[in-house]
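The structure appears below as structure tokens.
One-based numbering along the sequence shown. Every number for a ligand or one of its atoms is a count from 1 in the order of the listing.
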Amino acid sequence: MSGLSRRRFLSLTGSAGVLLAAGLTGPRLLRDEGTGELLRSKVPLPQPFQVPLQIPRVLSPQRTADADRHTITQREATAEIIPGIRTPIWSYNGTFPGPTIESRRGRTTIVHHRNELPVPTVVHLHGGHTPAAEDGYPTDLVLPVSGWDVHHTMHDARAQITQGSRDYVFPMQQRAATLWYHDHRMDFTGPAVYRGLAGFHLIRDDEEEALGLPAGDRELPLMIADRAFDEHGAFAYPSVDPTLRTTPGVEDAYVEGVFGDVILVNGAPWPVHEVSATRYRLRILNGSNARRYDLALEPGGQFIQIGSDQGLLEAPRNHDHLPIAPAERYDVIVDFGQYPVGTHVTLVNRLGTGPTAQVMRFVVARRGRDDSRIPAKLSEIEPLTRQQASAIREFSFRTGHIHGRAGWVIGGEPFSPDRMEAQPRLGDVEIWRFVADVHHPVHLHLVGFRVLSRGSRPPGPFDAGIKDTVDLSPGEAVEVIARFDGYRGRYLFHCHNAEHEDMAMMANFEVI
Ligand SMILES: [Cu+2]
């Protein structure tokens, strides 16, 4: 690590308040776009709002009496992301994002993954209420069909390693929600997702379909992700080992996180989409490694939030902006009937500058008949109260050292597959308190939680509903409450800044 970057990295180790007072943090942190460093593209950036929005293909399952079965091949491919340029990607079935999987609540979904990539992979269904053996634990590797020397991998006596392919079996005993699947391989999640290993997985149910929300081509999944491109048009990522075979981590300057200067939505740079002057349902996912966004509509307009990470809210909430951290989701309705036909409605990012201040554009192209509704009552959410909690635990998310190198740690400890930070009993309700030094989006596997407090105040306007990822600001403490039910076993919780995650900011809990 160079002296300069080490000094800057170490400058983050104090409390954010002290840093801000001392003027030690750059404009990055003050602007709140997350914790990270900008990587600039070396190809000319395309003009915004020229490339059409693509909706990822929905996979058709093989249906049996018991389950819906899908097959995905993980392989290298190329994609035309910037017009006229071929970008090599790592893909699920050849595209970025991968195909969308749709499940019915309560009906088992099996996804057969075959790994034709040159490195091991792991698939995690983010937001899935999934048995531990199917959850994509980072050492449960699917080795390449072409072979692999397992000496390259972290030792974990409990790891279930498979050769070439495996089935992931998801019972789908959970509410309708916008989930996503992505690579979760030990030490290499950031670069693998950056190369393209991410896709939507939607769960539908009768409760949600009875509401009459906008549907069909008026329901748009939108995966927002920033990327940078090298001089050949490949994704630029500062891996120490660009083969992603042996040495994990990024160049010292990017230890805080990697920001790109091109904003992609469903794999297209600043796309444009024609809409009718009617209501649309936008399932917004921040699929970026480190970048936060604060989304707003220009020339003005409201997002009507109907859902969060884990599905429907109890009642709609209006917002004039939406802050979103990596891995968070918002399910919102935008009524394009509020604009005259011909209006260009731009989804902007108030935390960005220059090219990163814009995300995509909707063109209100025509009138349309609209039979959709937004009921005043959407769903019911089981209340969880402090009195129900059988344990209160606290975890700090901070800079730290892993084997002498700069990294990120939870509770002072770098990740180890063997150490359990918590062992909730099946069915228990617990309160977990997270404390952050810089921006950390904290994600729990297995459970949905509710935000109980932010700072010492009640939850904020964007904390509603059941969540699985909660964004912490510098110096902030957040309490969440969850019931650890469904399955016993070992699960992860971690920071979803992918560079932090790869540099040891993960820990285990075990439901016993
Ligand atoms: Cu983090």
inquiry  = Below 30° counts as parallel, above 60° as perpendicular, anything between as tilted: where do the rings of Phe493 and Phe509 land?
reply    = tilted
ask   = Are His201 and His182 an aromatic pair by the rule of ring centers under 6.0 Å?
value = no
inquiry  = Under 6.0 Å from the ring centre and within 45 degrees of the ring axis: does the NZ or CZ of Arg490 meet both conditions for the six-membered ring of Tyr137?
reply    = yes
query = Would you say the ring centroid of Trp408 lies under 6.0 angstrom from that of His439?
reply = no
Over-ring placement of Arg195 relative to Phe235, 6.0 Å and 45° cut-offs = no
query = Distance below 2.8 Å from the Cu ion (ligand 1): how many protein N/O/S atoms qualify?
reply = 3
ask   = When you measure from the centre of the six-membered ring of Phe484, is the NZ or CZ of Arg425 under 6.0 Å away and within 45° of the axis?
value = no
